[in-house]
Amino acid sequence: MQRLARNGGTAGLLRWLAGRADGWAGIAGSDGTVLSASGAAPSGPLTAPADVPDVPRLVAEGVRALTERGALAYSHDTGAHTVLLFPLPGPHDPHAEDRGAAPLLAVVTPRPVAAGLATLLADVLMPLSLCREAEAVERKRRRVDLAESRGREAVLHLLMTGQLSIAQQVAGALRPRLPDPVRVCVVECPGDSRDEVARVCAEADGGRSWIVRCPVYARHLILVMPAEGGREGGRGTAPDSGPGSAPNGGPNGGPNGGPNGAPSGGPDGGTATDEAVAALVDRCVVGVSERVPLADTATGYRQAFHALAVAREVPGRHVRFGAAPEPALVVGTAGRQWAEALLTPLLTHVPRRAQDPGSQELAATAASWLAFSSHATDHLKVHRNTLAARLRLVGELLGLDLHRLADQAALDLALRIRATPAPVCTPEAGQRDGGAAPGHANGAAHDLDEVLRRPAVQEWALRQLAPVAGAAEETLRTWLRCEGRLGPTAAELGISVPGARKRLTRLETVLQRSLLRPPSARYDLWLALRARASAAAEATS
């Protein structure tokens with residue numbers, strides 16, 4: 001009995017009792033409802049269907065009789081079977097006066113009742129009651145854990161959509177406080193070990209980081225870590241990082257070192273959390289962003305995800321983002337004006353009905369879909385038909401065909417520009433912030449190509465494409481021309497689909513960006529190729 005209580009819990013004890021009684025055992029509520037049972041109703045020594053008892057009816061009648069009489073136990077013979085009822089004691093007072101409201105142990109057994117069964121049932125009451133209490137506490141603990149997990153996921157979602165003040169308000173009820181600035185770390189856990197890896201992460205940094213179970217990828221943990229514990233100058237990247245090791249052009253960037261950079265400090269001055277986790281957990285893969293402001297958590301997540309794609313291919317299973325500036329940081333005033341003009345129909349949209357999504361919800365839906373593709377349903381917690389309907393509306397409002405990679409890249413850039421603080425988007429030389437772009441009296445940039453021809457954007461494009469040349473660039477161009485689809489890409493290259501996948505996997509390592517899994521760098525690469533082609537066309541015209 002004690003062994004069953006420890007290992008099998010309530011269900012194990014009920015199955016054991018049903019076997020000892022050669023009948024049925026279960027737990028009934030004070031209203032006669034069966035709450036849990038050992039299995040099918042007994043047939044007793046007789047096998048005719050007419051002799052099979054109606055257990056729910058018998059139990060309900062017995063509970064009513066016990067309640068009316070105020071008895072401590074109840075036994076009732078029904079011809080072929082006997083019903084036995086015993087109120088379960090509470091955790092503190094087995095003889096409490098409100099025992100009529102307590103659940104009951106109910107047993108239906110064939111007549112005659114086996115010798116000693118009543119004594120056995122009386123002995124099992126306390127272990128059974130304790131098992132039920134322990135299981136109730138465990139259910140409450142799981143609900144609390146789920147509520148905290150969903151709360152952290154909500155805070156991360158607010159950070160990813162740029163709603164910093166609301167995120168900080170919601171996070172005020174949880175621990176630790178949101179750090180600022182931060183590094184975002186994405187940990188890919190082996191198998192079903194995400195909960196165990198989360199515990200290792202919490203112990204490795206002393207509980208200073210925000211640890212969130214990724215709502216999109218079941219094996220991913222997202223850590224929002226305080227930035228002061230990380231490297232300031234030496235950010236480890238994959239071997240053969242090429243131009244990715246050039247100095248970062250972003251506002252918080254510094255020179256990027258190789259994989260043997262100075263070790264970053266953890267809470268005790270030792271190894272950084274991300275490096276410690278990669279070392280402690282077998283087959284765990286870790287990607288880490290640059291130091292970014294808390295308001296730029298979405299940028300940090302993209303950087304960490306790209307670093308994760310590279311980390312899968314290196315022996316150490318740990319890579320820090322080999323930086324190149326965000327395109328939103330180099331588009332200048334002309335880019336901000338272009339993005340504003342493109343997004344105005346979306347941002348000024350007023351829904352016809354109160355239950356329809358508003359402009360902010362539509363913008364968040366578009367950003368989530370561009371980042372996570374079909375996985376946006378998991379990120380937003382919406383049905384796929386709801387997602388499809390919202391995307392159709394976004395496309396209609398903006399006049400874009402969101403099935404085309406070109407329009408997806410344009411919308412992605414516009415949304416990222418909108419999420420970037422205006423002073424960070426450096427205006428063109430000699431131009432005041434907010435002034436008109438050259439050649440436009442009204443200050444509006446008329447098309448994307450005009451933005452992509454800016455010198456800073458051209459420099460950004462060269463850095464993006466510098467690692468690829470020859471056959472690698474042809475593979476990349478073909479993949480983008482085929483809208484990022486493997487089947488058409490393989491057909492156009494004249495190779496198999498697995499062969500095309502292998503080429504793109506190699507490109508991920510070379511570019512230090514994720515290509516095959518969202519968030520993908522395909523939008524940045526399409527913009528870089530378009531920028532180079534636009535500059536070449538202007539030079540020859």
Side-chain angles (χ1 to χ4, degrees), residues 186 216-217 242-244 287 298-299 301-310 312-313 321-328 330-331 366-376 379 391 394-395 400-417 419 448-449 451-452 457 460-469 471-493 497 499-534:
V186 178
V216 175
Y217 293 108
T299 298
Y301 173 75
R302 284 194 297 269
Q303 292 179 353
F305 195 89
H306 292 320
L308 183 71
V310 182
R312 295 189 189 101
E313 306 299 324
F321 182 71
E326 281 283 303
V330 296
V331 294
S368 178
W369 178 72
L370 290 168
F372 297 112
S373 186
S374 60
H375 295 294
H379 183 226
L391 292 175
V394 170
L400 299 177
D401 180 1
L402 295 183
H403 293 98
R404 296 179 62 244
L405 180 58
D407 287 0
Q408 294 170 13
L411 178 57
D412 180 72
L413 178 60
L415 290 171
R416 286 157 71 177
I417 292 172
L448 178 59
D449 284 339
V451 176
L452 295 179
V457 179
W460 168 84
L462 288 175
R463 291 180 61 183
Q464 291 289 308
L465 299 174
V468 296
E473 181 173 344
E474 180 59 28
T475 298
L476 177 63
R477 285 180 174 277
T478 303
W479 181 64
L480 295 174
R481 190 164 56 247
C482 294
E483 306 291 336
R485 293 177 296 174
L486 276 176
T489 301
E492 189 163 333
L493 291 173
V497 171
R501 186 185 298 276
K502 286 181 181 179
R503 288 192 185 185
L504 291 169
T505 300
R506 287 195 295 268
L507 270 175
E508 287 184 331
T509 304
V510 171
L511 292 166
Q512 300 186 54
R513 301 293 185 271
S514 172
L515 300 180
L516 295 173
R517 293 207 294 179
S520 171
R522 59 181 181 173
Y523 303 136
D524 284 0
L525 293 170
W526 185 92
L527 290 168
L529 287 172
R530 177 68 174 264
R532 193 166 71 177
S534 178

Check whether [X] reaches the backbone of [Y] with its side chain - one donor and one acceptor, N or O, closer than 3.5 Å.
X: E483; Y: L405; answer: yes
X: S534; Y: R530; answer: no
X: T489; Y: R485; answer: yes
X: Q512; Y: V310; answer: no
X: D407; Y: L400; answer: no

Indicate whether any N or O donor in one side chain lies under 3.5 Å from an N or O acceptor in the other, for T478 and E474.
->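 T478 vs E474: donor-acceptor pair found between side chains.
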State, yes or no, whether a side-chain contact exists between [X] and [Y] at a heavy-atom distance under 4.5 Å.
X: P327; Y: L413; value: yes
X: L448; Y: L527; value: yes
X: R513; Y: Q464; value: yes
X: Y301; Y: V186; value: yes
X: L504; Y: E508; value: no

Grab the two heavy atoms, one from V468 and one from V510, that are nearest each other, plus how far apart they are.
->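 Nearest pair, atom of V468 first, then V510: CG1-CG1, 4.5 Å.
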[X] [atom1] to [Y] [atom2] distance, which is reported to the nearest 0.5 Å:
X: R522; Y: L476; atom1: CZ; atom2: CG; value: 12.5 Å
X: E473; Y: L525; atom1: CD; atom2: CG; value: 10.5 Å
X: Y523; Y: L415; atom1: OH; atom2: CG; value: 10.5 Å
X: R503; Y: L486; atom1: CZ; atom2: CG; value: 12.5 Å
X: L515; Y: H306; atom1: CG; atom2: NE2; value: 8.5 Å

Ion pair D524/R416, N-O distance below 4.0 Å |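 Yes.
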W369: which of H379, H375, Q408 passes side-chain contact (heavy atoms from CB on, under 4.5 Å) |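 When side-chain contact (heavy atoms from CB on, under 4.5 Å) is applied between W369 and each of H379, H375, Q408, only Q408 qualifies.
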